[in-house]
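In this text the structure is predicted, and so the values were computed from the model without any measurement.
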Amino acid sequence: MIKGGDVLDPSQQLRGRRDIGIRYGVIEAVEPDIPAARALRTIDAGGKLVTPGCRPALPCLSVWLAIGIRPMN
């Protein structure tokens with residue numbers, strides 16, 4: 001599980017603090033608070049921008065630029 005990240009998902013018109021549950025490499029849930037007991041492994045994403053499904057990142061680049069995020073060199 002990826003816990004507490006600032007999730008940006010343009011396909012769902014979502015921007016906010018969420019947890020992401022992953023099972024067998026597939027996103028199973030994006031919820032405000034997934035109990036840690038449901039996860040085998042937890043990654044703390046507090047203070048980080050998380051973009052589920054934006055791989056490669058190029059399709060999301062225009063969204064990032066629109067909200068003021070600069071890509072890293």
Side-chain angles (χ1 to χ4, degrees):
M1 168 175 36
I2 301 172
K3 187 123 182 101
D6 184 15
V7 174
L8 173 63
D9 186 351
S11 70
Q12 302 297 316
Q13 297 179 352
L14 175 66
R15 173 79 192 260
R17 188 201 161 283
R18 297 287 190 277
D19 297 343
I20 300 173
I22 302 168
R23 183 184 310 193
Y24 304 115
V26 176
I27 296 172
E28 291 285 328
V30 178
E31 300 176 9
D33 187 31
I34 299 173
R38 289 179 51 191
L40 294 176
R41 180 176 171 208
T42 301
I43 298 170
D44 180 12
K48 307 273 191 300
L49 180 65
V50 182
T51 55
C54 284
R55 189 174 174 232
L58 195 53
C60 294
L61 184 58
S62 61
V63 173
W64 294 345
L65 293 174
I67 62 173
I69 298 171
R70 297 273 182 230
M72 296 184 336
N73 293 339

message: If you define the side chain from C-beta out and look only at heavy atoms, does anything of Asp9 sit under 4.5 Å from Val30?
response: no

- prompt: Heavy-atom distance under 4.5 Å between the side chains of Leu8 and Asp6, does that happen here?
  reply: no

task: Answer whether the closest heavy-atom distance between the side chains of Pro35 and Asp33 falls below 4.5 Å.
output: no

query: Which pair of non-hydrogen atoms, one from Gly21 and one from Ile34, has the smallest distance, and what is that distance?
result: N-CD1, 3.6 Å

- prompt: Which atom pair, heavy atoms only, marks the closest approach of Met1 to Ala39?
  reply: CE-CB, 3.6 Å

- prompt: Do Leu14 and Val7 come close enough that some side-chain heavy atom pair is under 4.5 Å?
  reply: yes

field: Expected output: side-chain Asp19 to main-chain Glu31 donor-acceptor under 3.5 Å
entry: no

task: Assess whether atom CZ of Arg17 is packed by more than 12 heavy atoms of other residues, nucleotides or ligands within 6.0 Å.
output: yes

- prompt: With hydrophobic residues grouped by side-chain heavy-atom distances under 4.5 Å, do Ile27 and Val50 end up in a single group?
  reply: yes

Nearest-0.5 Å distance, CZ of residue Arg18 to CD1 of residue Ile20: 10.0 Å

query: Quick one: does Lys3's side chain have a donor or acceptor within less than 3.5 Å of a partner on Gly46's backbone?
result: no

field: Inter-residue atom distance Ile2.CD1 - Arg41.CZ, 0.5 Å rounding
entry: 9.5 Å

